[in-house]
K.L.:
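Take a look at the following structure, please.
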Amino acid sequence: MGSNIEDNQEDVPMELQLKGKKPSSQKLKRHDSLDVEASKLPDAKKVVGMSVLLKLAFQSIGVVYGDIGTSPLYVFSTIFLEGVKHEEDILGALSLILYTITLIPVVKYVFIVLQANDNGDGGTFALYSLICRYSKVGLIPSTMAEDSDVSTFKLDMPDRRTRRASQLKSMLENSQFAKFFLLIATMLGTSMVIGDGVLTPFLSAIGGVKAAAPDAMTEDRIVWLAVAILILLFMFQRFGTEKVGYTFAPILCLWFVLIAGIGVYNFVIYDIAIFRALNPMYIVTYFQRNGKDAWVSLGGVVMCITGAEALFADVGHFSVRSVQISMCFVTYPALILAYFGQGAYLMKNSGDVANTFYASIPKPIYWPMFVIAVFAAIIASQALISGTFAIIQQSLALGCFPRVKIVHTSKKHHGQIYIPEINNLLMIACVLTTIGFKTTEKLSNAYGIAVVFVMFLTSCFLILVMILIWKTNILLIIVYILIIVSVELVYLSAVLYKFEQGGYLPVALALFLMFIMYVWNYVYRKKYHYELEHKISPEKVKETLDATSSHRLPGLAIFYSELVHGIPPIFKHYVENVPALHSVLVFASVKSLPISKVPLEERFLFRRVKPYDLYVFRCVIRYGYNEMRNEEEPIEKLLVERLKNYIKEDYMFSVAANGDNQGETASLIEKDVEVLERASNMGVVHLVGEQDVVACKGSGVTKRMVINYAYNFLKRNLRQSSNKVFDIPTKRMLKVGMTCEL
């Protein structure tokens, strides 16, 4: 009859249940109903033409570099809050700016961190997913042996094994605390990145109006003008990254050309010897001369690298190579020239340090430059807005955020998305922050903590990747720690000094966002364990099917669940209330893998529940964390087509393995496919569990507050309905309500 799969082997991976053997690659191909060899390469490995690369590089200028690109507006004024005390302090500060920009955004992010992308996607969750794939540190027990056979799941790692990597992997896998700590650190890091998007210091640009016409623009007018512009910026997000990039890129390209040109003009006119700042000894003498004040001023220096994390978080919208090109050939040279020009101007006009940028603009082009500066500073928040969308999509797929609507805004580039609910929440947060802070000085104090903390956390994850995955030489890791991590720790100590002067805001924002993520993930894990503990045994399924054999309705019923191993409890609940079943049943388990994308050809795994004449199947539908679940075709159409292929290949495999009669097998294939086609033509019903969760009796106060109030509040206000997630027609979706006591 074919290769029946024993249903009492619930804890054995699907593929290993075949005759008790480990399947070959050919057998795996049969059970996935796919041709693995024909699958597409991961996005990160596709060969991109030069024209496409340059187009993406151009777009990235309008999305990625607004934040770091507008830092010349306020860096010198935040470094010298009390004015310039010594002429050589300008050279020391300029040298700090030069080497900070070179070391962190260029060396660290462009040439090292971007290499740790996850099939083209970046961000803290991407690093976490890389670690999860190599070592079993995930907290959801849904791992399957077949997951590692997905082409995008595989990691390009050196063949050599190191004792250091094995020991670290063993420690992480055997420590529940380490698993929990990694997840919490990931949530905190992503929350800080989102906080960056709220704290974008754009007020400096609008402050230029006040500098030019102090009587016309009061502080309140500046604030409300900023609020109006912010609202317009967030309303523009719905048009998508591509249109936003093409709209903003020309403005920022012009901005970079102008600040570079003004920089050249200033050091030619005021002090051509400003290039003395290339000598790092000026940094040493700066600290010797100013002591603690120099250390505190590092909180202003760090503002020159705001938005550096966006280089990594936004890479999924473009490509690694395009971001490297735009940074190395446009952004970095322009910024260095701009800062050297401002330094040269201050060498002759140190009294203008509080308004360095606008004071250093040649008078004939002041107002045109002011207009461009306003636009550029508004665009500054775009980098973190786009990065926030990518982060939310990743955290959602990994069970760390409520379901929200995700709109793919480009058919060409998969990572370009828009999330309406998050966009609106960010807008409200930005507006409230602007009204509350009002001045740039307080805002920069807050912004520095968020910036440096995320950078430090990225370095910690990167070191794990170096040890576990890249198998990097220990000496190179030590060099990275001594040069880059130590610098980040010094900056972190400096920005924490101003915690009470506004630095508390990013911490408060991050803790609030992390609370949302943790609550959702905590209940998500509890629900999964509940389903695992209450799964239906194979004997019970057969007993239920036998009892309802006289009440089999024509049609196909798909039961949705996130449970990978076993039949979900929703089935028992449904049968107890509706004692009739459809002629063909499919238990579809929807699963997110710790990878960005799963090729369509490798998405479905099937197994058949015996006896064959019951027409009951189990299916695992696998998605990556950066995928929409309804983007290719309606889920039912894809599932039915893949199931037909599976039935054919299952019988053919039986012929090859057991020597079954080919004529009888062909007849059985035709019969089963006909039954499936007839059932799908009669109608497909989608049964989705609508679970109400409550804390079980005897739970503590904290647990009841988290589950009964916090989680259910998020579920009511942020969660997207199942029919929208899977593109299920509302008229053919049946919600099966049940209560889970966790």
Side-chain angles (χ1 to χ4, degrees), residues 123-126 128-129 132 137-142 179-195 388-406 417 419-426 429 508-532 560-563 590-594 623-629 688-696 699-700 702-722 724-726 738-742:
T124 310
F125 263 111
Y128 178 69
S129 73
C132 284
V137 296
L139 294 174
I140 299 293
S142 60
K179 295 178 182 180
F180 183 77
F181 181 80
L182 280 175
L183 180 63
I184 292 297
T186 303
M187 291 180 181
L188 182 59
T190 53
S191 298
M192 283 288 192
V193 173
I194 297 172
T388 298
F389 292 159
I391 287 167
I392 294 297
Q393 183 184 30
Q394 295 169 8
S395 59
L396 186 154
L398 295 176
C400 295
F401 205 83
R403 288 179 184 167
V404 288
K405 182 180 180 181
I406 298 177
I417 58 173
I419 306 178
E421 291 92 340
I422 300 303
N423 187 68
N424 294 337
L425 290 174
L426 272 178
L509 282 172
L511 290 176
F512 174 73
L513 291 167
M514 193 176 72
F515 174 75
I516 293 176
M517 288 184 175
Y518 179 76
V519 166
W520 193 265
N521 181 262
Y522 172 77
V523 179
Y524 176 82
R525 286 186 281 118
K526 287 287 185 182
K527 283 170 58 182
Y528 192 93
H529 283 285
Y530 177 88
E531 288 198 344
L532 197 61
Y560 290 92
S561 168
E562 292 182 339
L563 185 66
V590 181
K591 179 181 180 182
S592 290
L593 298 184
Y623 291 90
Y625 56 71
N626 264 5
E627 289 185 293
M628 285 287 291
R629 297 181 178 180
V688 180
E690 189 72 11
Q691 297 171 323
D692 290 327
V693 296
V694 295
C696 62
S699 298
T702 303
K703 185 176 180 180
R704 292 201 305 270
M705 291 292 292
V706 168
I707 297 177
N708 296 350
Y709 298 100
Y711 174 81
N712 285 311
F713 175 82
L714 293 173
K715 181 181 176 182
R716 286 192 303 269
N717 292 280
L718 286 177
R719 191 167 183 257
Q720 187 185 17
S721 62
S722 299
K724 292 181 179 178
V725 173
F726 298 108
M738 61 181 295
T739 301
C740 302
E741 293 189 3
L742 307 179

K.L.:
Evaluate the side-chain proximity of Lys527 to Tyr711: yes if any heavy-atom separation is below 4.5 Å, no if none is.
P.N.:
yes
K.L.:
Mind checking side-chain contact (heavy atoms from CB on, under 4.5 Å) for Phe512 and listing every partner two or more places apart, or none if nothing turns up?
P.N.:
Ile516
K.L.:
Do Asn521 and Met187 have side chains that approach each other closer than 4.5 Å (heavy atoms only, starting at C-beta)?
P.N.:
yes
K.L.:
So which heavy atom on Leu183 is nearest to which on Cys400, and how close?
P.N.:
CD1-SG, 4.0 Å
K.L.:
Quick one: closest heavy-atom pair of Ala695 and Ile707, and the distance?
P.N.:
N-CG2, 3.8 Å
K.L.:
Using side-chain contact (heavy atoms from CB on, under 4.5 Å) as the criterion, list what pairs up with Asp692, not counting sequence neighbours.
P.N.:
Lys715, Thr739
K.L.:
Would the distance check show the side chain of Asn712 and the main-chain N or O of Asn708 forming a donor-acceptor pair, the cut-off being under 3.5 Å?
P.N.:
yes
K.L.:
Which heavy atom of Cys740 sits nearest to which heavy atom of Tyr530, and what is that distance?
P.N.:
SG-CE2, 3.5 Å
K.L.:
Return the minimal non-hydrogen interatomic distance between Leu188 and Met514, and the atom names on each side.
P.N.:
CB-SD, 3.6 Å
K.L.:
First locate atom OH of Tyr709, then atom CG of Leu714, and finally report the distance between them rounded to the nearest 0.5 Å.
P.N.:
15.0 Å
K.L.:
Who are the side-chain contact (heavy atoms from CB on, under 4.5 Å) partners of Leu182, not counting sequence neighbours?
P.N.:
Tyr128, Ile131, Val137, Leu172, Phe461, Leu464
K.L.:
Can you name the nearest heavy-atom pair linking Ala710 to Phe515, along with the distance?
P.N.:
CB-CZ, 4.1 Å
K.L.:
Grab the two heavy atoms, one from Phe401 and one from Met517, that are nearest each other, plus how far apart they are.
P.N.:
CD1-CG, 4.1 Å
K.L.:
Can you tell me how far apart NZ (Lys179) and SG (Cys132) are? Round to the nearest 0.5 Å.
P.N.:
10.0 Å
K.L.:
Mind checking the CG-CE spacing from Leu511 to Met192? Nearest 0.5 Å is all I need.
P.N.:
7.0 Å
K.L.:
CD1/Ile419 to CD1/Ile392 distance, rounded to the nearest 0.5 angstrom?
P.N.:
6.0 Å
